[in-house]
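A short worksheet on the structure shown next.
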2 protein chains.
Amino acid sequence: MNCKTTNADELMKTRDKILLSSLELFNEQGERNVTTNHIAAYLAISPGNLYYHFRNKSDIIYEIFQEYEKLVDYYLDIPENRPLNLDDMTFYLESVFDGLWSYRFLHRDLENLLDRDQRLRSDYREFTDRCLAAISKIFEKLAEGGILEPQPDALRAAMSLNVWLIVTNWMAFLKTAHGEKASACLTLHELKQGIYQVLTLELPYVTPVYREQVMELRERYRPTMPEQEDEREVSAG
Amino acid sequence: MNCKTTNADELMKTRDKILLSSLELFNEQGERNVTTNHIAAYLAISPGNLYYHFRNKSDIIYEIFQEYEKLVDYYLDIPENRPLNLDDMTFYLESVFDGLWSYRFLHRDLENLLDRDQRLRSDYREFTDRCLAAISKIFEKLAEGGILEPQPDALRAAMSLNVWLIVTNWMAFLKTAHGEKASACLTLHELKQGIYQVLTLELPYVTPVYREQVMELRERYRPTMPEQEDEREVSAG
DNA sequence: GTATTATTAGAGTATATACTCTAGGTAGTC
DNA sequence: GACTACCTAGAGTATATACTCTAATAATAC
């Protein structure tokens with residue numbers, strides 16, 4: 001019930017249904033484990049039908065990636081004319097993790113996706129650059145807002161990269177840290193504990209004035225370790 | 001010349017040759033792209049021969065993982081009876097990234113590996129726990145040595161997790177950030193720039209006495225952005 | 001030397017996967 | 001009611017992949 005949503009509305013065009021179902025299946029089972037035949041079967045259409053709408057599997061993935069790109073670019077459009085406050089920061093963090101969740105298959109086995117599709121590789125590269133620039137700008141504008149201590153450019157760049165690494169790989173970590181069972185089921189709530197990790201990173205740079213507030217915000221995302229799974233043997237203290 | 005080593009010594013037992021060549025091929029091409037037939041062909045032995053020595057591909061991977069585990073456990077054996085100094089820290093960082101390099105295929109598409117092999121999943125989980133504990137202990141002992149400010153347990157745990165995320169995913173980032181070409185060729189030198197990122201993370205916690213030295217150490221690993229590839233169009237600034 | 005065990009070759013197989021091809025249906029237009 | 005553009009079905013294919021089976025060869029023990 002947790003890991004399933006309904007879609008494939010009767011009113012939707014086949015092409016859109018393919019995109020939507022592909023995303024859903026990719027997210028749940030991993031791109032590697034979802035074949036074009038699976039997608040067709042899931043939609044109860046023929047493989048030929050699927051290939052009428054898309055030249056190949058890569059094209060489906062590429063189109064989904066472009067949606068993702070658009071979404072994140074939209075979220076990370078930083079206002080130029082004013083400093084940022086804590087609400088802004090919360091919004092950025094929440095939005096980014098929401099996007100990550102909706103398109104989570106992309107960050108699983110990304111390397112193989114990029115190896116198979118050069119368009120995707122160069123697009124993703126530029127996407128990364130844009131995101132890093134956005135993160136850096138957020139830091140800058142948070143400093144303007146008196147929330148973070150101002151930092152030299154080089155340090156800010158390195159910090160932004162660390163944030164990027166944590167954000168994009170938190171999901172993968174959760175999957176590997178997850179119990180003995182299949183890694184299919186994971187909740188958005190768990191994913192957002194990544195925000196705790198990002199705020200941990202920022203903590204030393206928060207100005208004394210805002211320390212309390214940021215600590216409180218961070219606390220809201222603290223991982224709740226005990227009994228979040230129904231049945232789990234205690235394996236490590 | 002950079003991405004190739006010779007092995008498959010004539011004196012070596014077939015079983016060991018299989019392990020060694022598998023590791024080499026996995027590292028260079030990714031586990032997904034290397035079949036048991038490839039491994040056999042590479043060694044100029046028959047598939048039957050390979051399957052005489054290993055029940056299946058998973059067993060090969062599992063055994064390689066156990067080597068990796070042993071190596072890292074050996075590196076991360078923290079002395080109980082004394083604080084740590086800067087040389088210790090350098091050693092740990094260098095060693096961990098060396099290990100990461102030698103077994104780099106493991107951290108590519110790890111999720112799929114874990115999904116396919118339950119032994120690996122639970123072993124890896126415990127391995128992660130041990131590493132996180134080791135990182136935390138290193139921080140503790142660096143504080144004892146007066147290099148880092150002492151920190152409350154909870155913060156140290158979160159910081160350790162951030163270090164783990166950066167260390168284990170730095171390679172993947174480099175691969176995705178790499179130019180238009182195939183991601184096969186990547187150097188140990190580039191990988192070690194991950195140390196710069198880890199030290200960036202620790203920087204705010206370094207005591208004033210050691211700040212200079214740590215900054216210098218960090219500088220040694222600073223990424224050298226311009227012209228490290230033969231021909232590369234300038235795409236961003 | 002012969003029996004036994006360890007090792008190897010190499011053809012072969014079951015299954016899967018991405019994708020193709022032909023033929024046919026539907027909807028709108030004149 | 002024929003023409004056209006769009007859409008769909010479904011059988012089929014080339015290739016790959018993990019793995020098996022049988023038989024032969026080398027090594028070792030007695």
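Just so it is clear: chains get the letters A, B, ... in the order the sequence lines come, proteins before strands, and each one is counted from 1. Every heavy atom of this structure was used, including side-chain atoms; hydrogens, water molecules and symmetry mates were not.
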Take the protein atom NZ of A:Lys13 and the nucleotide atom C1' of D:dA5, then report the distance between them rounded to whole Å. 13 Å
So which nucleotide from C:dA11, D:dA18, C:dC19 ends up closest to the side chain of B:Asn37? D:dA18
Would you say C:dC19 has OP1 or OP2 under 4.0 Å from some side-chain N or O of A:Thr36? no
Check the phosphate of C:dT7 against B:Thr14, side-chain N and O only, distance under 4.0 Å to OP1 or OP2. Yes or no? no
Let me know the distance between NZ of B:Lys17 and C1' of C:dT7, rounded to the nearest Å. 12 Å
Using a strict cut-off of less than 4.0 Å between a Lys/Arg side-chain nitrogen and an Asp/Glu carboxylate oxygen, indicate whether B:Lys192 and B:Glu94 qualify as a salt bridge. yes
Using a 4.0 Å heavy-atom cut-off across all strands, classify A:Ala44 as base, sugar-phosphate, or nothing. sugar-phosphate
Does A:Ser46 put a side-chain nitrogen or oxygen below 4.0 Å from OP1 or OP2 of D:dA9? yes
I need the CZ-P distance between A:Arg15 and D:dT8, as an integer number of Å. 12 Å
Donor-acceptor contact below 3.5 Å, side chain B:Thr128 vs main chain B:Tyr124: yes
Could you tell me how far apart B:Ile39 (CD1) and D:dT17 (P) are, to the nearest whole angstrom? 11 Å
Atom CG of A:Asn33 and atom P of C:dT17: how far apart are they, to the nearest Å? 9 Å
Starting at atom CD1 of B:Ile45, determine the distance to atom P of D:dT25, rounded to an integer number of angstrom. 19 Å
Can you confirm whether B:Leu71 sits close enough to B:Tyr103 that some side-chain heavy atom of one is under 4.5 Å from a side-chain heavy atom of the other? yes
Under-4.0 Å salt bridge between B:Asp117 and B:Lys57: no
Any donor-acceptor pair under 3.5 Å linking the side chain of B:His178 with the backbone of B:Lys175? no
Separation of D:dT17 atom C1' from B:Glu31 atom CD, nearest Å, is 12 Å
Should the ring pair A:His107 and A:Tyr68 be called parallel, tilted or perpendicular, given that the plane angle runs from 0 to 90° and is split at 30 and 60? perpendicular
Between D:dA16 (P) and A:Arg32 (CZ): distance, integer Å: 17 Å
Take B:Asn27 and B:Arg108 through the test side-chain hydrogen bond (donor to acceptor under 3.5 Å, both in side chains) and record every step on the way to the result. CA-CA 9 Å; B:Asn27 277 340; B:Arg108 172 174 175 173; over 6 Å; no
Nucleic acid contacts of residues 48-64 of chain B, taken as heavy-atom distances under 4.0 Å to DNA chain C: B:Gly48, B:Asn49, B:Tyr52, B:His53
